[in-house]
Amino acid sequence: MVEELVAAGVAVASAGLVYALAGARVVKQYERGVVLRLGRLRSDVRGPGFTMIVPVVDRIRKVNMQIVTMPVPAQEGITRDNVTVRVDAVVYFKVVDAADAVIQVEDYRFAVSQMAQTSLRSIIGKSDLDDLLSNREKLNQGLELMIDSPAIGWGVQIDRVEIKDVSLPETMKRSMARQAEADRERRARVINADAELQASRKLAEAAGVMSEQPAALQLRLLQTVVAVAAEKNSTLVLPFPVELLRFLEKAQQSVGVQQPAVPEQPVEARQSAGLQDAPQPAGAQQSVEALRPSVPAPAPSPAEVQEPGPSVREQLPSPEVPLSEESEGSKTGHD
């Protein structure tokens with residue numbers, strides 16, 4: 001009889017131990033336990049540590065409270081300026097209410113993933129290409145707000161959203177590369193032009209200083225010659241001063257101006273001698289009168305006007321043109 005009682009007690013104790021072990025649960029530090037008793041949510045959420053539930057009656061679901069890193073698959077879309085791009089992102093979120101994460105949504109991870117993809121496509125369609133490439137902080141904030149709005153009711157808080165990469169077509173990459181190259185070339189030309197302007201101003205100042213001291217120009221010439229000769233070249237180039245050419249030109253002009261003008265005989269003396277001028281074109285006469293120096297002709301004396309002496313006749317050249325009838329009559333009367 002005693003043995004039967006001892007055996008029964010051992011059996012009951014074993015059953016109790018098995019029942020207790022079946023209801024024992026351990027919740028980790030980064031987890032929270034949501035208990036459902038007969039399918040109904042218990043108000044108390046089990047914290048980390050050892051906890052007990054009623055076997056067969058209670059069900060416990062552990063929810064991870066750590067920050068979850070979820071990559072968003074690359075989404076292809078058309079921007080507002082009609083450029084096809086492919087954008088991928090990453091979402092950082094965590095559960096702040098374990099009960100809502102279990103009750104309000106079937107699978108909060110899948111829900112956040114789908115919402116992130118939809119929001120990313122929406123952001124691509126509302127943004128320009130320049131914003132996707134340079135203004136990502138603003139887009140990240142907008143994307144975070146779009147995902148966080150429905151996620152609050154799921155007991156999930158969106159911690160951060162980052163756009164990882166923006167893939168462009170090859171043609172667009174080449175066009176952007178040409179644009180960047182043209183912009184850099186433009187800036188290089190502007191810098192070179194600015195340098196030329198500054199150099200020209202310095203050269204103008206140096207020329208003003210050298211004009212005050214002519215010997216400075218000769219010293220500069222000698223420095224140039226020394227610099228060229230230092231390279232051990234077989235050919236030595238010496239600059240020819242332009243001032244020397246100008247000096248020669250001015251000397252030639254002064255010699256042409258100082259030539260003496262040939263005295264011209266009076267018209268009356270030539271007529272009395274029986275000479276006549278050869279007819280000349282009007283244009284030639286005007287050009288000769290323009291080139292003739294403005295030197296006043298000597299006034300003839302009355303004796304020379306009335307009758308030229310033998311000396312005048314000897315000096316006059318022999319007439320090559322026929323004499324007029326009046327000149328022959330006057331010559332016969334004189335003889």
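Side chains included, hydrogens not; waters and symmetry mates left out as well; all remaining heavy atoms used. These numbers were taken from a predicted model, which means no experiment stands behind them.
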If two hydrophobic side chains count as joined below 4.5 Å and joins carry through other members, does Val85 share a cluster with Met176? yes
Taking atom CD1 of Ile67 and atom CZ of Arg160, what is their separation to the nearest 0.5 Å? 11.0 Å
For Lys173, salt bridge (Lys or Arg N to Asp or Glu O under 4.0 Å) partners two or more places apart: Glu170
To the nearest 0.5 angstrom, please state how far the CG atom of Asp100 sits from the CD1 atom of Ile152. 11.5 Å
Residues in salt bridge (Lys or Arg N to Asp or Glu O under 4.0 Å) contact with Asp58, at least two apart in sequence or another chain: Arg37
Is the number of heavy atoms from other residues, nucleotides or ligands within 6.0 Å of CD (Gln66) greater than 12? yes
With a sphere of 6.0 Å drawn around CD of Gln223, does it hold more than 12 non-hydrogen atoms of other residues, nucleotides or ligands? yes
Could you work out, with salt bridge (Lys or Arg N to Asp or Glu O under 4.0 Å) as the rule, every residue matching Arg46, not counting sequence neighbours? Asp44
Which atom pair, heavy atoms only, marks the closest approach of Val91 to Ala116? CG2-CB, 3.8 Å
Looking only at heavy atoms, the pair that brings Asp88 and Ala74 closest together is CB-CA, 3.7 Å
Give me each pair satisfying side chain to side chain donor-acceptor pair (under 3.5 Å) with a member in residues 129-146, each pair once, sequence neighbours excluded. Asn140-Glu162
Tell me, do Val112 and Ile158 make a side-chain contact under 4.5 Å, heavy atoms counted? yes
Before you tell me yes or no, could you show the steps for Ile147 and Phe93 under side chain to side chain contact (heavy atoms under 4.5 Å, CB included), namely the whole-Å CA-CA distance, both residues' side-chain angles and the distance that decides it to 0.1 Å? CA-CA 10 Å; Ile147 301 174; Phe93 67 94; over 6 Å; no
Between Gln75 and Val87, is a side chain to side chain contact (heavy atoms under 4.5 Å, CB included) present by the stated rule, with each step listed? CA-CA 5 Å; Gln75 302 297 314; Val87 183; 5.7 Å; no
Looking at Tyr108 and Asn64, what are the two nearest heavy atoms and their distance? OH-O, 4.1 Å
Give, for atom CG of Leu168 and atom CZ of Arg174, the distance between the pair rounded to the nearest 0.5 Å. 12.0 Å
Is there a path of hydrophobic side-chain contacts, each under 4.5 Å between heavy atoms of I, L, V, M, F, W or Y residues, that connects Val96 with Met115? no
What I'd like to find out is whether the side chain of Asp128 reaches to under 4.5 Å of the side chain of Thr79, using heavy atoms alone. no
Whichever hydrophobic residues join Val12 through chains of side-chain contacts under 4.5 Å: none
Residue pair Lys202 / Gln198, side-chain heavy-atom distance below 4.5 Å: no
Is there a continuous path of hydrophobic side-chain contacts, each under 4.5 Å between heavy atoms, that joins Ile103 to Ile53? no
Correct closest heavy-atom pair for Val102 and Arg61 would be CG1-NH1, 3.6 Å
Are Tyr92 and Tyr30 connected in the hydrophobic side-chain network, where two residues link if heavy atoms are under 4.5 Å apart? no
Backbone N/O of Met146 and side chain of Ser149: donor-acceptor pair under 3.5 Å: no
I need the Glu196 CD to Asp194 CG distance, nearest 0.5 Å. 10.0 Å
Quick one: CD1 on Ile60 to CZ on Arg32, what's the gap to the nearest 0.5 Å? 12.0 Å
Set of residues satisfying salt bridge (Lys or Arg N to Asp or Glu O under 4.0 Å) with respect to Arg86, sequence neighbours excluded: Glu76
Quick one: do Ile78 and Ile124 satisfy side chain to side chain contact (heavy atoms under 4.5 Å, CB included)? Show the steps, please. CA-CA 7 Å; Ile78 300 176; Ile124 292 174; over 6 Å; no
Gap separating the CG atom of Asn192 from the CD atom of Glu185, nearest 0.5 angstrom: 10.5 Å
What closest approach, in Å, do Leu120 and Leu143 show between heavy atoms, and which atom pair accounts for it? N-CD1, 3.5 Å
May I ask whether Val63 and Val27 are part of the same hydrophobic cluster, defined by side-chain heavy atoms of I, L, V, M, F, W, Y residues being less than 4.5 angstrom apart, directly or through others? no
So for atom CZ, which belongs to Arg201, do other residues, nucleotides or ligands contribute more than 12 heavy atoms lying within a distance under 6.0 Å? no
Would you say the side-chain atoms of Ser122 pair up with the backbone N or O of Thr118, donor to acceptor, closer than 3.5 Å? no
Specify the closest pair of heavy atoms between Asp81 and Leu129, including all atoms of both residues, with the distance to one decimal. OD2-N, 3.4 Å
